[in-house]
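Data block below; observations after.
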Amino acid sequence: MSADVTAVVVRLKLSLLRNGLRQSGGRRAAYVASAVVTLLFAALQLIGLIALRGHEHALSVVVLLVAVLALGWAVMPLFFPSGDETLDPTRLVMLPLRPRPLVRALLAASLVGIGPLFTLCLLAGSVISVAHGGAAYVVGVVAVALALLVCVALARAVAAANIRLLTSRKGRDLAVLSGLVIAIGAQLVNFGAQRLGSSGLEQLDPVAEVLKWVPPASAIGAVQSVSEGSYGVAAAQLALSAGVLAGLIAVWASHLTRLMTSPDGSTLQAAGESTTRERASTGLGRLLPAGRTGTVVERSLRYIWRDPKTKAAWVTSLAIGLIVPVFNALQGTGSIYFACFAAGMLGILMYNQFGQDTSAFWMVAMTISSTRDAYVELRGRALALLVITLPYATLVTVLTTALLGDWPRLPEALGLSFALLGAMLATGAWASARFPYSIPQEGYKNVAPGQTGLAWISVFGGMVGAALLCAPVIALTIWLHVSEGGDNWSWLLLPVGAGYGAAITLLGLRLAAPRTAGRLPEILAAVSKG
């Protein structure tokens with residue numbers, strides 16, 4: 001019976017994959033391209049790991065690699081809950097299946113896909129790099145199987161433990177953090193690679209001494225132990241990985257039992273709960289100006305907090321705007337002017353303001369009957385962005401200055417940041433009216449099909465315009481630096497930059513307002529396309 005269930009679930013996984021690829025040629029092309037790139041990268045990693053064979057720090061590299069690989073498997077279900085349909089066991093609750101056979105079947109199905117094949121290549125390369133002798137290779141086969149099963153079981157246990165959250169609206173918002181994790185992870189890898197390049201791989205040895213006892217890296221550590229003749233240590237490391245695998249499967253089975261036997265909110269009505277709830281006031285409206293301006297600001301801030309796509313864009317921009325200047329400062333290669341990156345990243349969010357509303361923009365369009373209405377609408381959206389951007393850009397600039405110890409240049413860095421922000425708000429308001437495009441609410445695409453050209457023109461054309469608008473402040477900064485005694489007056493760049501940024505923002509809003517009021521039907525058609 002268990003073998004039959006396993007075969008059926010594996011065939012189900014293959015059918016889901018095959019039917020998904022049949023939906024469109026674009027999806028097939030994207031899958032094939034991603035598979036080719038992934039397998040090519042896996043092959044290069046395999047060759048690199050084999051080249052480590054005989055290196056004195058080979059074990060340190062491979063155990064760290066396997067530990068990071070397992071961490072990736074653990075967080076994958078949290079950030080990409082829709083990446084594998086079989087990750088959701090609640091779809092099987094109506095079937096007469098027992099948890100134990102279902103665990104074995106789902107574990108076998110989990111081994112089908114590009115991810116497990118990529119992991120298998122890295123694990124095989126890790127074993128080859130540290131194995132010496134026939135006994136080590138025999139243990140290596142067991143180690144690869146154990147490590148792969150631990151990674152897969154870890155992903156399944158995490159998914160089963162959090163499936164109620166991940167399939168809810170708020171749980172799907174966890175995918176927003178993927179942009180933050182990727183941005184931070186890329187910079188950490190870059191920072192670590194530079195440190196290793198300057199100090200050598202011996203810095204990994206203390207970490208490896210700990211990780212070789214942490215499953216699934218302990219399975220790879222067992223191969224090295226056998227190569228050194230420490231068979232007792234190898235047996236303990238393999239037993240540790242096997243014990244963790246058994247524990248993960250037990251946890252997974254426990255969560256499956258609970259999911260398949262316990263009612264949830266869709267089948268059990270909460271007792272004593274009122275059908276109508278009075279909405280609690282956040283008090284935000286009392287802090288904002290009265291009239292349309294305050295309403296627009298509050299609406300925009302609520303979009304930032306509640307809309308997944310808008311929140312994703314903000315989280316990514318906030319993370320990258322902080323990471324680039326701070327990490328460069330920590331590496332000793334930064335400049336205080338890198339702090340302007342924070343204002344630039346958040347200024348981009350002013351572009352395509354109406355596309356963020358999608359088809360709901362028609363409700364806003366019905367309230368715009370004049371250029372004045374359009375101006376107030378744009379002004380409120382700009383103020384909502386400034387509520388977050390101004391203190392954030394200031395904080396990043398001060399932090400970067402502190403890390404570099406270049407306090408005399410703080411006023412001019414702030415002035416340039418404020419001028420850049422004002423220029424991007426101005427060009428963003430104009431581009432929102434001239435080149436609007438739709439943002440699909442489903443999936444990971446940020447531009448509707450057929451509107452990619454509009455998005456490129458809007459963002460990059462606006463950024464070029466913002467750079468040109470900042471030219472006077474940049475020229476003043478250069479002149480003060482090259483002129484004799486000019487550094488004594490560099491503090492003037494702060495009020496000049498702030499004033500220039502405010503003036504150029506108001507001018508941009510004034511120029512964009514009549515175009516917005518006159519192109520409402522075109523804007524509505526463009527943002528509703530997706």
Requested in this report: Apply side-chain contact (heavy atoms from CB on, under 4.5 Å) to Tyr303 and Gln356, showing your working.
Outcome: CA-CA 9 Å; Tyr303 275 0; Gln356 298 175 11; 5.6 Å; no

Report task. Might you work through the side-chain contact (heavy atoms from CB on, under 4.5 Å) test for Trp314 and Ile388, ending with a clear yes or no? Result -> CA-CA 10 Å; Trp314 273 91; Ile388 301 173; 3.6 Å; yes

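Note: Leu154 CG to Leu149 CG = 12.0 Å, rounded to the nearest 0.5 Å. In this structure, CZ in Arg381 is found 5.5 Å from CD in Gln353, a value given to the nearest 0.5 Å. The distance from atom OG1 of Thr389 to atom CG of Leu425, rounded to the nearest 0.5 Å, is 7.0 Å. Atoms CD1 and OG, from Ile220 and Ser225 in turn, are 11.5 Å apart once rounded to the nearest 0.5 Å. Here the CZ-CG distance, from Phe118 to Leu69, works out to 7.0 Å after rounding to the nearest 0.5 Å. Interatomic distance, CD1 of Ile128 versus CD1 of Ile47, reported as 11.0 Å (0.5 Å rounding).
The side-chain heavy atoms of Ser317 and Leu349, taken from C-beta on, include a pair separated by under 4.5 Å. Residues Cys151 and Pro216 meet the side-chain proximity criterion, which asks for heavy atoms closer than 4.5 Å. Proximity of Tyr437 to Ser458: side-chain heavy atoms (C-beta onward) are separated by under 4.5 Å at one or more points. The shortest distance between side-chain heavy atoms of Leu106 and Trp252 falls below 4.5 Å.
Taking the six-membered ring where the residue is Trp, Phe354 and Phe361 present tilted rings, their angle falling between 30° and 60°. Between His55 and His57, the ring planes lie tilted relative to each other; the angle falls in the 30° to 60° range.
Of the N and O atoms on the side chains of Thr119 and Trp73, at least one donor lies less than 3.5 Å from an acceptor on the other residue.
Checking side-chain atoms of Ser230 against main-chain N and O of Val226 turns up no donor-acceptor pair under 3.5 Å. Not a single donor-acceptor pair under 3.5 Å links the side chain of Lys212 to the backbone N or O of Ser218.
For the side chain to side chain contact (heavy atoms under 4.5 Å, CB included) with Cys340, the qualifying choice from Thr400, Thr397, Leu416 is Leu416, the only one to do so.
Annotation: Trp456, atom CH2; neighbour count of heavy atoms from other residues, nucleotides and ligands within 6.0 Å does not exceed 12.
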